[in-house]
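In this text the structure is predicted, and so the values were computed from the model without any measurement. Labels below follow one simple rule: chain letters A, B, ... track the order of the sequence lines, proteins then strands, and each chain is numbered from 1.
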Protein chains: 2
Amino acid sequence: MLTERQLLVLQIIIDDFIETAHPVGSRALSKKGSIPYSAATIRNDMADLEDMGFLEKTHSSSGRIPSEKGYRYYVDHLIAPLSSGQNIKIIRNIMKEGIYEFEQIVQMSAEVLSELTNYTSIIIGPELSETKLKQLEILPISNHTAVAILVTDTGHVEHRSITVPEKIDLSDLEKMVNILNDRLKGVPIIQLEKVFQKEIVGLLKRYINDFGSTQHYLQAIISQNNPVKLYIGGKSNILMQPEFNDVDKIRSFYTMIENENEIANLLKSKKDGIGISIGNENKVEAIKDLSLITATYQLGKDQMGTIALLGPTRMEYKKVISLLSSLSKELSEALYKWYKTSE
Amino acid sequence: MLTERQLLVLQIIIDDFIETAHPVGSRALSKKGSIPYSAATIRNDMADLEDMGFLEKTHSSSGRIPSEKGYRYYVDHLIAPLSSGQNIKIIRNIMKEGIYEFEQIVQMSAEVLSELTNYTSIIIGPELSETKLKQLEILPISNHTAVAILVTDTGHVEHRSITVPEKIDLSDLEKMVNILNDRLKGVPIIQLEKVFQKEIVGLLKRYINDFGSTQHYLQAIISQNNPVKLYIGGKSNILMQPEFNDVDKIRSFYTMIENENEIANLLKSKKDGIGISIGNENKVEAIKDLSLITATYQLGKDQMGTIALLGPTRMEYKKVISLLSSLSKELSEALYKWYKTSE
DNA sequence: GTTAGCACTCGTGTTATTTGAGTGCTAATA
DNA sequence: TATTAGCACTCAAATAACACGAGTGCTAAC
């Protein structure tokens, strides 16, 4: 069990290291006056804390730095959630702004988040699993081409250009779109393709000549390719952190951050509330020496997205946690206001 | 005036330096056998070339590296445009792929471009100045909100969520949209707002009760905020270049590349054809030690976009130039095929 | 005009040396 | 018994000293 003083020592060391990024030594601590004990006393506690695995040395005669276990203890027991009044204001101001659409709000949130912290922020848009089709439209652009536009009940718009097979004529197209709309409105996006196959293919075959060649076509319109959107802010901000003073680290960080799939998977698995993964607690190899703090936000009943900050394990956990939880709250509220009458 | 041999020396030195990134010395050159003269002879020519400003030394007893003037001479006189057969194939294959829409083609082009070169590629979407409105739609999502969708005659889709003022009722909205469509179809996107002000505001005032509160509203839908899209590929690719072995350079590169406005302006000013800016020839401070190669592509009559590669001044100009010119040709052709019947 | 030869330069890489902040341990102190 | 002072020891980082080698410029010979 840890004594009072050991707790204090641990806390001060971690705070100090988070601030300065330099190993902290007993003599310096004692001199700084933040703790009223002599260097020798502190030294003994440090040795104990190291034995217990909360601290580490970078080399045999260096000052101590927190281990991952140390950080873990710190965030679990030593952190007093800091209410970040001023930051909340900044966030609220974004939310207030007028005509932005959801995408823009999220994008801006990501940027501000990273601005305020100097870490890299990642926001993943809400999954569309529960979203339903509101309207499907196909607009001919020329003889060959058309745009298909899908609108969901949350106001999300997907569109894709397509080249139209020669054989289809305009009145047929109109007929098909009508049928599709009749049958597909209200169907969850994720099931569009299934419903199309089961209920509509047969129907259309009856009404449309030579439907075979068109089928694969409509299908392409309907089958969404993973529409989860990722917003990343401050990719270069993180270069300010001293742990990125090494070219190789930068390289590997950027190759990781550009691989959107990996990141998406990383965040999708997150549960409700605040999540903290420190260093090796992360399952993804590429960020095993970073920390990832996540928070979820709600859109409607059970759809949700995740906002996250990625930074060195030496992270300003206090600040980050309070920031993320306020942002997630604000974001949920803004979305709620936005969509509240749409259910 | 330069002698034959001096030209040869210059060319070989630049080629060599582009390949290895190491200053090249007379002895090594002579030994390598690519030129049948002794080190001393080469040395004399090098000294002359340096006097004329084509070469530089990194320090008093180092080998020579090309100066910016040297590169300039090289691209203007010494380069035989290399036909890159295999690369063209790769590019063609992208263009062939089926259902992609314009955005996707461009995105993929950017990625391939950077893949093939290890530089950072930038593609700027065609300006919408000449594009005309094809269809405007406003779809109510809930009591408060709606999505506005604008489709252009090139199949480009813009959309934005809006909150609807309480006062407007649905039938009014429908009326307004009809009027807007009637009057605005075929109007160039860029003039939408002007036409709206001049021709439509008056009209709507007559038909709609309490139009004042709605006006600012519709306007927000119509006024596009700079819809020029930027596609950047291989932001991290460029880290492979040895000139980016310095953390500060990386930092400044990334802060630059994330500033989309600056980049957009950089590219927008480019004239037709291939453009080469070496080092200080660039007007933008942040890339004064890089080279930027640009090529334009056409969409229709006079709309165009720009594709570009950004890399160290020690760039594989031969390869890059041929690659860019084939890509711009292919891109224009693909777009032409895509839209040819839409005019 | 070309080349060989030679003295000189200077970045790079290696090895020694010094310095200073840190540690662990033991003995003295409150 | 808990704390502190004192001391010998460690090691990273900074500095200096040195050799090496690829390069240059210049002069004289071919």
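- For residues 245-275 of chain A, the ring-ring contact (aromatic ring centres under 6.0 Å, His included) pairs, not counting sequence neighbours, are A/Phe244-A/Phe253, A/Tyr254-B/Tyr254.
- Pairs engaging residues 257-278 of chain A under the ring-ring contact (aromatic ring centres under 6.0 Å, His included) rule: none recorded [sequence neighbours left out].
- A/Glu243 and A/Lys249 are not joined by a salt bridge, as no carboxylate oxygen comes within less than 4.0 angstrom of a charged side-chain nitrogen.
- The aromatic rings of B/Tyr317 and B/Tyr71 lie tilted to each other, with the angle between the two planes from 30° to 60°.
- A salt bridge is defined here as a Lys NZ or Arg NE, NH1 or NH2 lying under 4.0 Å from an Asp or Glu carboxylate O, and B/Lys235 with A/Glu258 fails to meet this definition.
- Every residue two or more places apart in sequence or in another chain was checked for a ring-ring contact (aromatic ring centres under 6.0 Å, His included) with A/Tyr231, and none qualifies.
- Qualifying side chain to side chain contact (heavy atoms under 4.5 Å, CB included) partners for A/His22, counting only residues two or more places apart in sequence or in other chains: A/Thr20.
- Here salt bridge (Lys or Arg N to Asp or Glu O under 4.0 Å) pairs that include residues 110-119 of chain B, with residues two or more places apart or in two chains, number zero.
- Checked against side-chain hydrogen bond (donor to acceptor under 3.5 Å, both in side chains), A/Thr58 has the following partners two or more places apart in sequence or in another chain: A/Ser62.
- Salt-bridge annotation for B/Glu50 and B/Arg64: present, with a side-chain N of the basic residue lying under 4.0 Å from a carboxylate O of the acidic one.
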At a cut-off of 3.5 Å, list every protein nitrogen or oxygen paired with a nitrogen or oxygen from nucleotides 10-14 of chain C, distance to 0.1 Å.
residue, atom, partner, partner atom, Å
C/dC10, OP1, B/Ser60, OG, 2.8
C/dC10, O5', B/Ser60, OG, 3.4
C/dC10, O4', B/Ser61, OG, 3.1
C/dC10, O3', B/His59, ND1, 3.4

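- For B/His77, the ring-ring contact (aromatic ring centres under 6.0 Å, His included) partners at least two apart in sequence or on another chain are B/Tyr73.
- Applying the salt bridge (Lys or Arg N to Asp or Glu O under 4.0 Å) test to residues at least two apart or on different chains, the pairs with a partner in residues 21-34 of chain B are B/Asp16-B/Lys32.
- Contacts with DNA chain C (heavy atom under 4.0 Å) in residues 4-32 of chain B: B/Arg5, listed by number.
- On the nucleic acid side, DNA chain D contacts chain B at distances under 4.0 Å to non-hydrogen atoms, with the end points of that region at D/dG23 to D/dC26.
- Residues from residues 33-48 of chain B with heavy atoms under 4.0 angstrom of DNA chain C, sorted by number: B/Tyr37, B/Ser38, B/Ala40, B/Thr41, B/Arg43, B/Asn44.
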